[in-house]
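One structure is given here, and the rest of the page talks about it.
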Amino acid sequence: MNLSDEIRYIGVDDTDIDLFESQYHVPEGMSYNSYIILDEKVAVLDTADQRKTSEWQKQMLDTLQGRKIDYLVVHHMEPDHAANIAAVAKAYPEAKIVLSAAATKMLPNFFPESDLTDRLLVVKEGDTLSLGTHTLQFIAAPMVHWPEVLMSYEQKEQILFAADGFGKFGALCHESVNADGTLADWACEARRYYFNIVGKYGMQVQNVLKKAANLDIKFIAPLHGPVLKGSDLTEAVRLYDIWSRYDVETEGVFVAYASIHGGTRAAAEKMVEILKQKGCPKVAVCDLTRDDLAEAIEDAFRYGRIVLLAASYDAGVFPPMHDFLYHLQIKNFQRRRFALVENGSWAPSAGKIMTEMIGQMKDCEIAAPVVTIRSRMKEADLPQFEALADAILGE
């Protein structure tokens with residue numbers, strides 16, 4: 001992960017973590033990426049999560065080989081990247097902490113016992129920091145995905161240090177590479193990461209992409225995940241443009257269901273069968289009671305058409321479906337077509353709640369008819385399922 005002789009990787013893998021941000025399953029762990037630029041001046045770019053403080057400090061000291069730090073650049077104040085700011089400041093009392101104005105307001109929140117006021121070097125959009133032969137040019141990236149975020153562009157090596165942009169779930173030790181040297185299946189966990197971590201802020205991501213388009217970038221170095229270069233970089237930028245415009249990435253239908261006793265699940269399986277018979281190019285399926293919610297969010301953004309099937313529950317909708325729709329709401333979900341199937345043994349109510357929740361999402365439509373089944377799907381329900389499949393597949 002060293003980017004050059006002068007720009008060294010000092011990040012660490014966390015293969016023990018099971019939930020990132022206490023909510024996202026990460027079976028392949030996480031990486032906390034950090035770099036040192038060794039020039040006339042020495043700059044450390046970000047730190048690491050406190051879970052890996054000792055390992056990160058060793059990496060830093062081994063790379064410094066006795067040299068002092070002149071600057072600590074803080075791209076993002078979230079604790080998985082900034083937990084060691086106070087420790088670095090204490091160990092290197094002459095070092096300046098380089099950060100945005102918004103980040104200065106957060107420092108006391110995280111480090112109330114450390115007065116770092118006299119140590120701060122506040123930078124803004126377009127400011128530069130010369131280290132000798134290397135120069136960092138700062139790019140404001142507010143709300144990607146916190147308000148204080150900076151990115152920086154190293155002009156000599158043409159590296160974009162992208163903060164949480166272009167990140168992915170997974171430790172670097174688990175990354176696999178194709179025979180041609182490209183990353184194997186980067187998009188899968190990068191997509192799940194993007195829509196769950198950054199997805200609400202599409203407009204802000206578009207703003208950063210426009211700034212990046214004016215730079216000659218050879219490498220993108222995110223705070224999580226592998227460095228992107230060559231065709232991997234090109235593809236990542238292409239996907240980020242699609243994702244941040246809330247466009248459809250893959251043609252097909254996403255079927256998500258929440259079943260209590262199996263009746264709704266059977267209806268979902270029948271709908272999948274009908275969609276495939278009608279020539280749907282891709283049908284993705286999720287059991288919201290068992291499957292990873294973050295992956296369900298990812299697939300909802302990936303496809304343009306969504307079929308939801310849910311049991312009624314306490315005069316509302318079965319909670320796993322409610323939770324799913326709530327997560328879509330808070331992630332700024334938009335511009336999709338839905339089809340709905342509700343199940344209820346005596347007083348079906350799921351359709352009403354799902355309709356209300358979707359109604360709060362921007363530019364989302366619900367195809368007619370909303371289908372109601374009673375406990376179990378019957379032969380007599382088939383025509384309605386056929387009509388619903390036609391409606392979701394139609395223009």
Side-chain angles (χ1 to χ4, degrees), residues 24-25 27 169 185 187-196 199 243 248-313 317-328 331 333 335-343 350-351 353-355 357-358 361 364-367 369-373 375-378 381-382 384-394:
Y24 302 115
H25 293 281
F169 294 125
D185 201 19
C188 181
E189 285 292 67
R191 185 188 299 107
R192 188 167 72 98
Y193 177 92
Y194 175 86
F195 285 119
N196 287 278
W243 298 343
V248 175
E249 180 188 346
T250 304
E251 291 299 325
V253 175
F254 176 47
V255 177
Y257 65 92
S259 182
I260 302 173
H261 297 296
T264 305
R265 180 181 66 245
E269 291 168 350
K270 186 62 180 179
M271 178 57 75
V272 170
E273 178 185 325
I274 293 171
L275 289 168
K276 290 180 177 179
Q277 289 172 350
K278 290 182 178 293
C280 184
K282 172 71 174 178
V283 183
V285 185
C286 177
D287 177 354
L288 294 173
T289 69
R290 294 182 177 274
D291 295 336
D292 178 34
L293 180 59
E295 191 164 340
I297 301 301
E298 167 196 349
D299 279 341
F301 277 96
R302 182 174 185 175
Y303 298 94
R305 301 157 197 263
I306 303 165
V307 180
L308 303 181
L309 306 94
S312 300
Y313 192 87
V317 65
F318 191 34
M321 179 61 74
H322 189 282
D323 195 26
F324 171 65
L325 290 172
Y326 170 74
H327 275 77
L328 291 184
K331 295 302 179 185
F333 194 74
R335 299 173 54 201
R336 295 296 188 266
R337 175 184 289 182
F338 288 86
L340 306 181
V341 177
E342 65 173 357
N343 190 356
I353 302 303
M354 289 190 290
T355 298
M357 296 185 76
I358 293 166
M361 302 176 197
C364 286
E365 63 173 321
I366 298 174
V370 174
V371 173
T372 300
I373 62 173
S375 301
R376 294 288 185 272
M377 182 180 177
K378 317 296 193 300
D381 296 322
L382 277 175
Q384 291 189 84
F385 273 66
E386 293 279 350
L388 192 62
D390 288 337
I392 195 66
L393 292 173

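What you see is a predicted model, and the numbers here were worked out from it, not measured in a lab.
- Between Tyr257 and Ala268, the shortest heavy-atom distance links the atoms CD2-CB, 3.5 Å.
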Going through the distances and angles, do Arg305 and Val248 end up as a side chain to side chain contact (heavy atoms under 4.5 Å, CB included)?
CA-CA 9 Å; Arg305 301 157 197 263; Val248 175; over 6 Å; no

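- Within a 6.0 Å sphere centred on NZ of Lys282, other residues, nucleotides and ligands contribute 12 heavy atoms or fewer.
- Across every non-hydrogen atom of Ala294 and Tyr24, the tightest pair is CB-CD2, 3.8 Å.
- At distances below 3.5 Å, not a single donor-acceptor pair connects side-chain atoms of Ser312 with backbone N or O atoms of Val317.
- Among all heavy-atom pairs drawn from Pro369 and Leu388, the shortest one is O-CD1, 2.8 Å.
- Here Arg265 does not pair with Asp287 in a salt bridge; the nearest charged N to carboxylate O distance is not below 4.0 Å.
- Separating the OG1 atom in Thr289 from the CG atom in Asp291 is a distance of 7.5 Å, to the nearest 0.5 Å.
- Taken to the nearest 0.5 Å, the CE atom of Met361 stands 4.5 Å off from the CG atom of Leu328.
- Tyr303 and Phe254 have parallel rings, their planes meeting at less than 30° on a 0 to 90° scale where 60° marks the start of perpendicular.
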Verdict with supporting geometry, Leu288 and Phe318, side chain to side chain contact (heavy atoms under 4.5 Å, CB included)
CA-CA 10 Å; Leu288 294 173; Phe318 191 34; over 6 Å; no

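- Between Phe333 and Phe301, the two ring planes are perpendicular [angle over 60°; tilted spans 30° to 60°].
- Note that CE of Met357 and CE of Met321 are 10.0 Å apart. Values are rounded to the nearest 0.5 Å.
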Working for side chain to side chain contact (heavy atoms under 4.5 Å, CB included), residues Leu325 and Leu308:
CA-CA 10 Å; Leu325 290 172; Leu308 303 181; 3.7 Å; yes

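- Across all non-hydrogen atoms, the minimal contact from Ser259 to Thr264 is OG-N, 3.4 Å.
- The minimum heavy-atom distance linking Gly351 with Glu342 is given by the pair N-OE1, 2.7 Å.
- Surrounding CD of Glu251 are at most 12 heavy atoms belonging to other residues, nucleotides or ligands under 6.0 Å away.
- Closest non-hydrogen pair, Ala310 versus Met354, comes out as CB-SD, 3.9 Å.
- For the atom pair CZ of Arg191 and CZ of Arg302, the computed distance is 4.0 Å after rounding to the nearest 0.5 Å.
- Here the side chains of Val341 and Gln384 are not in contact, with every heavy-atom distance at 4.5 Å or above.
- Ionic pairing of Arg192 and Asp292 is present here: one or more N-O contacts between side-chain nitrogen and carboxylate oxygen are shorter than 4.0 angstrom.
- One distance of note links CE of Met377 with CG of Asn343; it measures 11.0 Å at 0.5 Å rounding.
- With rounding to the nearest 0.5 Å, the separation of CG in Leu393 from CD1 in Ile274 is 10.5 Å.
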How far apart are the C-alpha atoms of Ile373 and Lys378, what are their side-chain angles, what is the distance that settles it, and do they pass the side chain to side chain contact (heavy atoms under 4.5 Å, CB included) test?
CA-CA 8 Å; Ile373 62 173; Lys378 317 296 193 300; over 6 Å; no

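- Taking the side chain as every heavy atom from C-beta outward, Asp381 and Val371 never approach each other to under 4.5 Å.
- Proximity of a side-chain donor or acceptor of Arg337 to a complementary backbone N or O of Ala391 within less than 3.5 Å is detected.
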